[in-house]
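First the structure, in the form of structure tokens, and then the observations on it.
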Amino acid sequence: AELDTLDIIVLAAILLGTVAYFTKGKLWGVTKDPYANSFANANGVKAGKTRNIVEKLEESGKNCIILYGSQTGTAEDYASRLAKEGKSRFGLETMVADLEDYDYENLDAIPSDKVVMFVLATYGEGEPTDNAVDFYEFITAEGVSFSEGNDPALGNLNYVAFGLGNNTYEHYNSMVRNVNKALEKLGAHRIGDAGEGDDGAGTMEEDFLAWKDPMWKALQEKMGLEEREAVYEPIFGITEREGLTKDSPEVYVGEPNKMHLDGTAKGPFNAHNPYIAPIHKSYELFSVKDRNCLHMDIDISASNLTYQTGDHIAVWPTNAGEEVDRFMDVLDLTDKRHNVISVKALEPTAKVPFPTPTTFDAIVRYHMEICAPVSRQFLATLAAFAPDEESKAEMTKLGGDKDYFHHKVNVHHLNIARVLQAVGKGKKWSNVPFSALIEGINKLQPRYYSISSSSLEQPKMISITAVVESQMLPGRDDPFQGVATNYLLALKQKQNGDPDPTPFGLSYELMGPRNKYTGIHVPVHVRHSNFKLPSDPTKPIICVGPGTGVAPMRGFVRERRKMIENGQNVGKAILFFGCRKRAEDFLYEKEWEEAKAVMGDKFELVTAFSREGNKKVYVQHRLKERAKEINELIEKKAYFYVCGDAANMAREVNTVLGQILAEQRGIPEAKAEEIVKNMRAANQYQEDVW
Ligand code: FAD
């Protein structure tokens, strides 16, 4: 992407130069055109931007920088919320920044009247998020040194820290913990506690809210800040573009970037630039009516995308039409939904999270996570714009009362538009500034899927195995439906002959912006993972993958099978698979039989059906039954893989393995747990859990 943006910047410079030449400078005003920058902004690229954090703070007059390490957007969202709150409550001059965008050698040159906030997500096995890798390596390095050479090195630095983690993982919140430790060691001053949010317990938002109030108090004292009545100040300016319609060629109606708009999309395809991939084939894997699990083969042969067995593919979803309509309706945007607007950051350090000029419809449909859980704080912000006093009071109550909010909003999985409908009792929320919605609602995130094919067998065809999220909840008469999986279900239905599919009553713009996705297409990119087969194929593998956790295991088994067909010598693969009933949700039943026929004693499938007998049987039970063999395989340096539900299954499997080793080897459980830990450290125990 670097080169492409560079190209564009160079082209833009040449173009401006040319205009200047022909107009003898008369048109130089164009550089001040508020829209001239919109593309660069939308992609977070500002020509000539500095990587010097001190310089940046100086030139932009900021005294508080919030640096985020984010993978799925939550940390980034929290960073923006801290920035807004710091500004509106305490008059801090805040800016939000991606950790990746700065260098850190001169962290020691940040004056002590400024504060640096770190909002750090921990990813996977205690890893930094992709954008935080360099920073993390730098700050935790043994002999880290800084430009000023102070003693202690970071004696001038004031910082605040919050981590986003998941207690079902071994290395809970290790990012914030390790960064905090490193900063303390370097003599930096922390203000307030280092907060920890727990996604595993489902309390992330509440943990964040509970952490930030005492933090603000401590910061207030430290910096001598005065709290003022919070006033809403928009971060984005919205301008209607009278001369343009949604059919004008320069208007984005859902295209993710300029290349897509111009029809010149090319790689590298990544988290900023999806590949619009044809779906080669799609079919249903369950044999029951009320639940769905999709198999899809996604063709990447016309792209330069590559993958390795065990990687993840990211699917870029589109919101359901009915939810877009609901949002438009309750916010009184329906009449102007196709009007063209430009959105511009009023703050030099803010980023417009989508390309403009565009339409309200395109923003809401393609770029906003409008169906996600609602934040309490956002409801409190919106109270100021309520259509009447009663709604205002109710919003304030929802925003302030954790239990009330949980009971009214969370248990029903209401999204923002549903909350506004319920609170406003049918009144329209015409006063909400659109900027507040851009600020308060996350960017629509791609969803990850563990690739279920083998790159040895089909290097240019990526398979996914996705269970469709749809559940009836108390207090609702329609099911709660997941965003991406119902979009995929609609694509599957269309591919299999339904011209106008509406899974569970939802419809999608399957043809994409400007009907560019002719045929059956889905925007994707690939994310490389560490979940990998042993490099020595003669090593045995033990795979535990109940439900859709079987996805990467299918890839592994198919890879080993292909190796056998190629005449290679491979170790045994034993797969523990679990589901409810053989006749309902037994994924890939036929394929396992075929694999067995080719692989003989090199493959064994062990099944656990939880709803067949009168006792529930899970993969953990089957593991225990096979304790002796598992121990022997591990002694032969077998690799152990777990995929699927992080909350319960993965943790229990970890425990069970410890018990197996303890019992089989006659050693104390603590010792056995130590062995499992070491297996993890040596990549002999790998998890792919969500
Ligand atoms: P979403 O709309 O994102 O909803 C997901 C969940 O969020 C809901 O179940 C609910 O608990 C919560 N939620 C959403 N909206 C609300 C609301 N308004 N109020 C309260 N709660 C809400 N899945 C697979 O099926 N197969 C795989 O192979 C697979 N591999 C994965 C690999 C990785 C590395 C990761 C991170 C995830 C993987 N997943 C996989 C999960 C997948 O990415 C998606 O999370 C899943 O498909 C649901 O997506 P969705 O958009 O349909 O649901």
Side-chain angles (χ1 to χ4, degrees), residues 71-74 121 123-125 127 129-130 166 168-169 199 202 204-205 285-286 291-296 310-320 323 326-327 369-376 378-379 405-406 408-419 441-442 444-453 462-473 475-476 479-491 503-504 506 508 524 526-531 545-555 585 587-588 642-647 650 686-690:
Q71 195 72 32
T72 60
T74 315
Y123 193 65
E125 297 284 317
E127 290 145 39
T129 55
D130 292 348
N166 184 319
T168 57
Y169 289 82
D199 203 27
M204 184 68 81
E205 173 76 14
L285 292 166
F286 285 171
R291 293 165 65 217
N292 298 83
C293 186
L294 306 171
H295 177 93
M296 288 190 156
D311 282 343
H312 300 137
I313 183 168
V315 167
W316 294 46
T318 306
N319 283 310
E323 290 300 339
R326 181 194 310 280
F327 186 95
E369 197 79 79
I370 57 168
C371 291
V374 180
S375 101
R376 234 165 18 92
F378 185 43
L379 295 188
F405 171 81
H406 179 75
K408 285 277 186 183
V409 177
N410 245 356
V411 289
H412 311 302
H413 281 29
L414 298 188
N415 58 37
I416 184 64
R418 286 173 190 253
V419 173
I441 299 175
N442 274 357
L444 185 57
Q445 294 292 325
R447 273 37 171 195
Y448 290 106
Y449 294 91
S450 301
I451 293 178
S452 61
S453 50
I462 289 179
S463 304
I464 65 173
T465 308
V467 72
V468 177
E469 179 74 51
S470 171
Q471 41 176 319
M472 286 311 297
L473 292 167
R476 278 178 70 142
F480 164 79
Q481 287 167 253
V483 175
T485 48
N486 286 281
Y487 164 63
L488 291 175
L489 178 57
L491 281 165
F504 306 102
L506 297 184
Y508 297 85
V524 297
V526 171
R527 179 171 197 277
H528 297 290
S529 89
N530 297 325
F531 197 73
T548 44
V550 81
M553 312 307 185
R554 176 183 184 263
D585 52 1
L587 300 176
Y588 301 113
V642 188
C643 178
D645 169 35
Q686 298 183 23
E687 273 182 351
D688 182 24
V689 294
W690 60 85

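Positions are given from 1 along the sequence. Below, each value reflects all heavy atoms present in this structure, side chains not excepted, and no hydrogens, waters or symmetry copies. Each ligand, and each atom within it, is numbered from 1 in the order the structure gives.
Nearest protein heavy-atom contact of atom 22 (C) of ligand 1 is Pro373 CG, 3.6 Å. Distance from atom 18 (N) of ligand 1 to its nearest protein heavy atom, with residue and atom name: Cys371 O, 3.0 Å. In terms of protein heavy atoms, atom 53 (O) of ligand 1 is closest to Gly482 CA, 3.3 Å. Taking atom 3 (O) of ligand 1 as the reference point, the nearest protein heavy-atom neighbour is Arg447 NH2, 2.9 Å. From the protein, the heavy atom lying nearest to atom 35 (C) of ligand 1 is Trp690 CB, 3.5 Å. Regarding atom 8 (C) of ligand 1, its nearest protein heavy-atom neighbour is Phe480 CE2, 3.6 Å. Among all protein heavy atoms, the one lying closest to atom 47 (O) of ligand 1 is Tyr449 OH, 2.7 Å. Distance from atom 11 (O) of ligand 1 to its nearest protein heavy atom, with residue and atom name: His413 NE2, 3.9 Å.
Any N or O atom pair closer than 3.5 Å counts here, and Ser450 shares at least one such pair with ligand 1. At least one N or O atom of Thr485 sits closer than 3.5 Å to an N or O atom of ligand 1. An N or O contact shorter than 3.5 Å links Glu469 to ligand 1 by distance. Considering backbone and side-chain N/O of Ala484, one or more are found under 3.5 Å from N/O of ligand 1. Ligand 1 has no N or O atom lying under 3.5 Å from any N or O atom of Val689, backbone or side chain.
Between Met296 and Leu488 there is a side-chain heavy-atom pair separated by less than 4.5 Å. Looking only at side-chain heavy atoms (C-beta outward), Val483 and Ile370 stay at 4.5 Å or farther from each other. When side chains are defined from C-beta on, Met553 counts as touching Cys643, because their heavy atoms get closer than 4.5 Å. Side-chain contact between Gln471 and Pro479: absent, with no pair of heavy atoms (C-beta onward) separated by less than 4.5 Å. Contact of the Asp645 side chain with the Val689 side chain is not registered, since no non-hydrogen atoms from C-beta on lie closer than 4.5 Å. Looking only at side-chain heavy atoms (C-beta outward), Pro317 and Arg447 come within less than 4.5 Å of each other.
Ionic pairing of Asp585 and Arg291 is present here: one or more N-O contacts between side-chain nitrogen and carboxylate oxygen are shorter than 4.0 angstrom.
The minimum heavy-atom distance between Cys371 and Glu323, with the atom names listed, is SG-CG, 3.7 Å. Nearest heavy atoms, His412 versus Lys408: CD2-O, 3.1 Å. Taking every heavy atom of both residues into account, Ile441 and Glu369 meet most closely at CG2-O, 3.6 Å. Cys293 and Thr548 get closest at one heavy-atom pair: SG-CG2, 4.0 Å.
Residue-ligand proximity: Tyr487 is placed with every non-hydrogen atom at 4.0 Å or more from ligand 1. In this structure, Pro317 falls outside the shell of residues with a heavy atom less than 4.0 angstrom from ligand 1. Residue-ligand proximity: Leu414 is placed with a non-hydrogen atom under 4.0 Å from ligand 1.
Here Thr465 has backbone heavy atoms under 4.0 Å from ligand 1, and that is the only part of it that gets that close. Contacts with ligand 1 closer than 4.0 Å are made by backbone heavy atoms (N, CA, C, O) of Ala372 only, the side chain lying farther away.
Under the 3.5 Å distance criterion, with hydrogens and angles disregarded, a donor-acceptor pair is assigned to the side chains of Asp130 and Gln71.
When distances from atom 6 (C) of ligand 1 to the protein are checked, no heavy atom turns up under 4.0 Å. Within the 4.0 angstrom cut-off, atom 15 (N) of ligand 1 has one or more protein heavy-atom neighbours. Within the 4.0 Å cut-off (strictly below), a protein heavy atom is located near atom 25 (O) of ligand 1.
Taking every non-hydrogen atom of Ala551 and a distance limit under 4.0 Å, the qualifying atoms of ligand 1 come out as 28 (O). Atoms of ligand 1 lying under 4.0 Å from any heavy atom of Val467, numbered from 1 in the order shown and given with element: 25 (O).
Between Tyr588 and His295, a ring centre-to-centre spacing shorter than 6.0 Å is recorded.
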Q: Would you please test Tyr448 and Ile313 for side-chain contact (heavy atoms from CB on, under 4.5 Å) and show each step?
A: CA-CA 6 Å; Tyr448 290 106; Ile313 183 168; over 6 Å; no

